[in-house]
Amino acid sequence: MTVSIVALTLNEIDGVKVILPAIRREWYDQLIVVDGGSRDGTIEWCREHGYEVFEQRRRGIRYAYLDVLPHLTGDIILTLSPDGNCAPEFIPEMIAKVREGCDLVIGSRYLGDAHSDDDDAITGFGNWLFTGTVNLLHGGHYTDAMVIYRAFQRQLIDDLDLTAEATYALPEKLFRTIISWEPIMAVRAAKAAKRIAEVPAGEPARLGGERKLQIFRWGGAYYFQFWRELWYWRPKPNK
């Protein structure tokens, strides 16, 4: 199974200089930097150092995934943010678990002794609440349903209908924002009884730049999705 690593950037020049060189070449078949419009030299540095850069056409993390998807070559996709929050040394373990048969592997910030150095009181409580809600409503066993750091079989995108705009249109309209697909991926993977594993990756402090979180708008939209999924989506029958 071949591997595509997707590194999402938006003004992360400090992070990419440290994190991208730490991702060893033997770990992947493709590494592509998907940029959302950096103006701090991120794009130029990446290209100067031989990294493939894709400049997304539409604003928002989900559209970064959707725009780059036709260009990804891997059977396994691993997504991360090269801002320091995703420790690259866990990549081999996460990929290995997918190759062993998992559909989705989470680089958890909270499993076992792992912890987040980037949480504050609001985000820490929110991650606890959202993950607990996913587990309660949809039979999950996650310690971290929200994190961007994850590896999954490419087929999972189609199995869970993650590219369907109808999945996101109503919550985005209600909360006037653009959301990503990680939380709904966790929900639907649990609903579909996919093979899920977690790795205690933790979350180191970010390296420069600024957090892009829209805490209340994203939180409201995701929480709306969690409850709507009780009736909105059903897993595809096994062939």
Side-chain angles (χ1 to χ4, degrees), residues 3-8 15 19 22-24 27-28 61-62 65 76-154 156-157 159-160 162 179-207 211-213 215 218-219 222-223 225-226 229:
V3 176
S4 290
I5 295 179
V6 177
L8 301 176
I19 300 301
I23 302 175
R24 297 173 61 174
W27 294 347
Y28 62 87
I61 296 178
R62 184 174 80 262
Y65 293 139
I76 300 170
I77 297 173
L78 184 142
T79 58
L80 57 80
S81 178
D83 57 8
N85 287 161
C86 302
E89 60 264 29
F90 294 97
I91 290 173
E93 183 178 0
M94 294 167 66
I95 294 298
K97 286 186 177 297
V98 179
R99 286 182 168 146
E100 290 166 5
C102 290
D103 299 294
L104 170 63
V105 179
I106 302 286
S108 174
R109 294 168 286 183
Y110 311 113
L111 179 64
D113 294 330
H115 67 279
S116 171
D117 292 326
D118 205 45
D119 268 342
D120 55 31
I122 294 175
T123 60
F125 173 76
N127 284 317
W128 171 82
L129 175 65
F130 294 161
T131 296
T133 301
V134 171
N135 291 340
L136 178 65
L137 296 182
H138 303 293
H141 301 281
Y142 298 103
T143 63
D144 193 352
M146 309 296 289
V147 71
I148 193 174
Y149 198 14
R150 57 186 61 199
F152 50 91
Q153 295 193 31
R154 185 187 184 120
L156 193 69
I157 298 171
D159 290 348
L160 305 183
L162 296 180
I179 54 178
S180 192
W181 68 15
E182 287 86 5
I184 205 67
M185 178 189 291
V187 167
R188 292 183 177 180
K191 290 178 67 173
K194 295 296 185 178
R195 294 160 294 183
I196 303 166
E198 293 185 316
V199 169
E203 185 178 44
R206 71 166 23 253
L207 302 171
R211 290 199 300 182
K212 316 303 190 299
L213 293 175
I215 293 176
W218 287 358
Y222 291 140
Y223 212 66
Q225 279 188 312
F226 297 159
E229 282 291 304

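Panel note: side chain Glu198, backbone Leu111; no donor-acceptor pair is recorded below 3.5 Å. When atom types are taken as modelled, the side chain of Thr123 and the backbone of Asp119 share no donor-acceptor pair closer than 3.5 angstrom. The backbone N or O of Arg195 lies less than 3.5 Å from a partner atom in the side chain of Asp103, making a donor-acceptor pair. A donor-acceptor pair under 3.5 Å links the side-chain atoms of His138 to the main chain of Phe226, judged by distance alone. Using a distance-only test at 3.5 Å, with no hydrogens or angles considered, no donor-acceptor pair links the side chain of Asp83 to the main chain of Gly15. No donor-acceptor pair closer than 3.5 Å links the side chain of Arg62 to the backbone N or O of Trp181. With Asp118 contributing its side chain and Ala205 its backbone, the two residues share no donor-acceptor pair below 3.5 Å.
Among residue pairs with one or both ends in residues 122-146, those qualifying as salt bridge (charged side-chain N to carboxylate O under 4.0 Å, His left out) are Arg109-Asp144; sequence neighbours excluded.
Ring planes of Trp218 and Tyr222: tilted class, angle from 30 to 60°.
Every residue two or more places apart in sequence or in another chain that forms a side chain to side chain contact (heavy atoms under 4.5 Å, CB included) with Phe90 is listed here: Ala87, Glu93, Met94, Tyr149, Val199, Ala201. Every residue meeting the side chain to side chain donor-acceptor pair (under 3.5 Å) condition with Glu182, not counting sequence neighbours, appears here in chain and number order: Tyr65, Ser180.
Residues Ile184 and Ile179 are not in side-chain contact: their nearest non-hydrogen atoms beyond the backbone lie 4.5 Å or more apart. Taking the side chain as every heavy atom from C-beta outward, Ile148 and Cys86 approach each other to under 4.5 Å. A 4.5 Å side-chain heavy-atom check between Thr79 and Leu8 finds every atom pair outside the cut-off. Looking only at side-chain heavy atoms (C-beta outward), Trp27 and Val3 stay at 4.5 Å or farther from each other. No side-chain heavy atom of Val147 sits under 4.5 Å from any side-chain heavy atom of Glu203.
Paired with Leu104 under the rule side chain to side chain contact (heavy atoms under 4.5 Å, CB included), one option of Gln153, Lys194, Met185 passes, and it is Met185.
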